[in-house]
2 protein chains.
Amino acid sequence: MKIPLYRQIQASLKEKITSGIYEEGGLLPSENDLCTEFNATRMTVRQALNELVREGYITRQHGKGSTVSASRKSLGLLSLKGWTEVVVASDRHGKTLVLEGPMLKKMQNPIFRPLIDTESDEDFIFFKRLRLVEDLPVMYEHTYIPNDNLPNFIEEPLLEGSLFRTLLIRYQIDVQSMTQEVRAIAADKETANLLKIKTKSPVLHLLRKYKTSVEGFFLYSSIYCNTEKFAISSFN
Amino acid sequence: MKIPLYRQIQASLKEKITSGIYEEGGLLPSENDLCTEFNATRMTVRQALNELVREGYITRQHGKGSTVSASRKSLGLLSLKGWTEVVVASDRHGKTLVLEGPMLKKMQNPIFRPLIDTESDEDFIFFKRLRLVEDLPVMYEHTYIPNDNLPNFIEEPLLEGSLFRTLLIRYQIDVQSMTQEVRAIAADKETANLLKIKTKSPVLHLLRKYKTSVEGFFLYSSIYCNTEKFAISSFN
DNA sequence: TTATACAACTTGTATAGACAACAAAAAACT
DNA sequence: AGTTTTTTGTTGTCTATACAAGTTGTATAA
């Protein structure tokens, strides 16, 4: 067992938050309660809690407790929460259409080059997804996942439609942080059509690399966002 | 009026980093050295160091030490990163032109409304600045600062041209975190002219609220970015 | 010369306890 | 009933210590 205790606590709490056991806006157990539950000291529990603050899952208040983060006005997608959590957590009606995949594909797209260390020829699991909020298309996303130790990933459907949750529950892979590049570009024809905007309209382009609890295992995403109705927000 | 020890350590190190005493890419003193220097325990020093990591000033590596980050513009939460592999983040190649201000002005701009809690009529200190990298205009920024306890701010020039550094050194106000909304919009005439792009070109719009070490004291910025040559990157 | 082993660094993880500061509920006092 | 004070429970800060684990340089052996 080489996973640090505070990471285990962190993952356990995250699981209970995303699964709804700890309700949005509700209080987490106190630090001392968590100490006895996980057989750890306060410093260890606090490390887990601070990580969850950093990831945007909870907020803390002196003298009161840890509150499960409440809904947000705009989509908090610069933080590393998955789409499903963010949209569901913000009381908006979100949908995800899988346009292509999951399927095996080589990552021939050169825009990812600056983010990738290894120049491998291996196959990736590939997704093309369109995400809608209140029936409005807002994000068009290409996702690449290394095809490493993910048995039956392509065959089985995603848990509750969420990629992050599927990785966490079925494969014990916890997505923990992310780096990204952000640009404003003019939408090409395909993207504009899917996002139901005019060609050459300004869209946000996010190039992401997700870091996980598995050493050397990264996820990659290229996302085009229509920000006419919904802004992207970040918290730090 | 009691500032926690780890905050003092954090501010002290930040000062030494931004002033160049600790060089970019160089190593900070080890945790134990800092312990003796500040008369604190490792846990306290580590809390300060972890805050600096969160703010993007340093990175840490197990078994090696703490390295001063190369680019620490804009709090390090969003730093300028070169698209063409050549990263030009050092201030030597960056310039800032003050187009207007500092001057007193009411914040009539309605786009800030969603970020502001209080609906006050007070005057703000106002800036209009244009930022260049390698003589290329990349950011056009409007900044609003509450005119509270900032004597002679308008009269005196900025320390080394840096707003954050002026606030830290002259007024002991440490900018610590930020929230923002990000959009892609078409550049209006004024913005396009300043950024030397065509009108209606896609530009990144950042709406920022900076949190400081002074309770209730926030800074506000509206920034238009030309991302043709330089992307905005973020780390979490 | 080239490995290998070791030692001396570094940061990472974790325990155990103490007191301070803040928030909310309970008790005591008008 | 309404107000003030006290108590209790919470998070924030900090000390002191210990061992694990990664990095680097050096001494040793092949």
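Quick note on labels: first sequence line is chain A, next is B, and so on, each numbered from 1.
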Measure the distance from [atom1] on [X] to [atom2] on [N] and round it to the nearest whole Å.
X	N	atom1	atom2	result
A:Phe38	C:dT13	CZ	C1'	17 Å
A:Asp33	D:dT10	CG	C1'	10 Å
A:Arg60	D:dT13	CZ	C1'	13 Å
B:Arg42	C:dT10	CZ	P	10 Å
B:Ile9	D:dC14	CD1	C1'	10 Å
A:Met43	C:dA14	CE	P	12 Å
B:Gln10	D:dT13	CD	P	11 Å
A:Glu31	C:dT15	CD	P	14 Å

- Message: Do the side chains of B:Arg60 and B:Glu31 get close enough for a salt bridge, i.e. N-O under 4.0 angstrom?
- Response: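 Salt bridge present between B:Arg60 and B:Glu31.
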- Message: Can you work out whether B:Ala40 or A:Asn32 has the more 5'-proximal nearest nucleotide on DNA chain D?
- Response: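 Result: A:Asn32.
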So which nucleotide from [options] ends up closest to the side chain of [X]?
X	options	value
A:Lys64	D:dA16, C:dA23, C:dG12	C:dA23
A:His62	D:dT13, D:dG22, D:dG12	D:dG12
A:Ser66	D:dT11, C:dT10, C:dT13	D:dT11

- Query: Should the heavy atoms of other residues, nucleotides or ligands under 6.0 Å from NZ of B:Lys105 be counted, would the total exceed 12?
  - Reply: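 It does: B:Lys105 NZ has more than 12 such atoms within range.
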Between [X] and [N], is there a side-chain N or O to OP1/OP2 distance below 4.0 Å?
X	N	result
B:Gln47	D:dT13	yes
B:Gln61	D:dT23	yes
A:Thr44	C:dT15	yes

- Item | Aromatic ring proximity, centroids under 6.0 angstrom, B:Phe127 and B:Tyr144 |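 Centroid distance B:Tyr144-B:Phe127: not below 6.0 Å, so no.
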- Message: At less than 3.5 Å, do the side-chain atoms of B:Arg7 and the base atoms of D:dG12 form a donor-acceptor pair?
- Response: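 No, no donor-acceptor pair under 3.5 Å.
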Select base, sugar-phosphate, or nothing to describe what [X] touches, counting heavy atoms under 4.0 Å on all strands.
X	result
A:Asn39	sugar-phosphate
B:Ser30	sugar-phosphate
A:Leu5	sugar-phosphate

- Message: So A:Gln180 and A:Val182, do their side chains get closer than 4.5 Å, heavy atoms only?
- Response: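 Yes - at least one pair of side-chain heavy atoms lies under 4.5 Å apart.
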- Task: Please name the pair of heavy atoms, one in B:Gln10 and one in B:Ala48, separated by the smallest distance, quoted to 0.1 Å.
- Result: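 Nearest heavy atoms, B:Gln10 then B:Ala48: N-CB, 3.8 Å.
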